[in-house]
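Inspection log for the structure reproduced underneath, given as structure tokens.
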Amino acid sequence: MPNTARDIFVVGLRNAHAMETQARELMERQSERLDDYPEVKAKVTAHLGETNEQLKRLEQCLEACGESTSSLKDTAQSVMANAMAMAHSMAGDEILKNTFANNAFENFEIATYKSLLALCGQAGVDSARAPLETSLKEEERMAAWVVSNVEKITLEYASREERKAA
Ligand SMILES: [Fe+2]
């Protein structure tokens, strides 16, 4: 018997897995170059740890749906994330661009988890609810941190540039 909600849910889990893999690549590249911004570096590094757990949770959800996790096609997107991070690495205002990108990315992740949570019941995978809610809360905390630190990071960047120019 076809189960459309379940199919949509499984595709959503796979897309979320690709998204988190991309997030991990972006944060790994960022954290390597954040020595001038120790507070941001600490936050990105902590969220990198959370992201690894989120990937495991998504794999567990896929397994609960009877799906194999061995064939997850995340490679192409990972390569793209790397290329994006490298393209940024020469820009003087990289810290700002990364902050804006992180704001966008975290909100994209929030929408993704909300969408998956909306489908749990209809998909008949109630066991996925708790792990997806845990991940959603982590994304909400990270998104809130990013957006509430935009001004501070901007002014920190500006005073670094002014010191350089002086
Ligand atoms: Fe995230």
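Atoms considered below: every heavy atom in the structure, side chains included; atoms not considered: hydrogens, waters and symmetry mates. First listed ligand is number 1; within each ligand, the first listed atom is number 1.
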Only one of Glu50, Glu138, Glu63 forms a salt bridge (charged side-chain N to carboxylate O under 4.0 Å, His left out) with Arg57, so which one is it?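 Going through Glu50, Glu138, Glu63 one by one, the salt bridge (charged side-chain N to carboxylate O under 4.0 Å, His left out) with Arg57 is satisfied by Glu138 alone.
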
Give a rough value, rounded to 10 degrees, for the angle at the Fe ion (ligand 1) between atoms OE1 of Glu109 and OE1 of Glu106.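 OE1 of Glu109 and OE1 of Glu106 make an angle of 70° at the Fe ion (ligand 1), to the nearest 10°.
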
To the nearest 10 degrees, could you say what angle the Fe ion (ligand 1) makes with OE1 of Glu139 and NE2 of His47?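 The two atoms subtend 90° at the Fe ion (ligand 1).
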
Hey, is Arg24 close enough to Glu20 for a salt bridge, meaning N to O under 4.0 Å?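 Salt bridge between Arg24 and Glu20, a charged N being under 4.0 Å from a carboxylate O: no.
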
Is Glu59 paired with Lys56 through a side-chain N to carboxylate O contact shorter than 4.0 Å?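 Salt bridge between Lys56 and Glu59, a charged N being under 4.0 Å from a carboxylate O: no.
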
Assess Glu138: does it contribute an N, O or S atom lying under 2.8 Å from the Fe ion (ligand 1)?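 No - counting backbone and side chain alike, Glu138 has no N, O or S atom under 2.8 Å.
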
Of the backbone and side-chain N, O or S atoms of Glu50, does one lie nearer to the Fe ion (ligand 1) than 2.8 Å?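 So Glu50 does not bind the Fe ion (ligand 1) by this criterion.
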
Ignoring hydrogens and geometry beyond distance, is a side-chain donor-acceptor pair present between Asn102 and Gln30 at under 3.5 Å?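 Yes, because at least one side-chain N or O of Asn102 sits under 3.5 Å from a partner of the opposite role on Gln30.
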
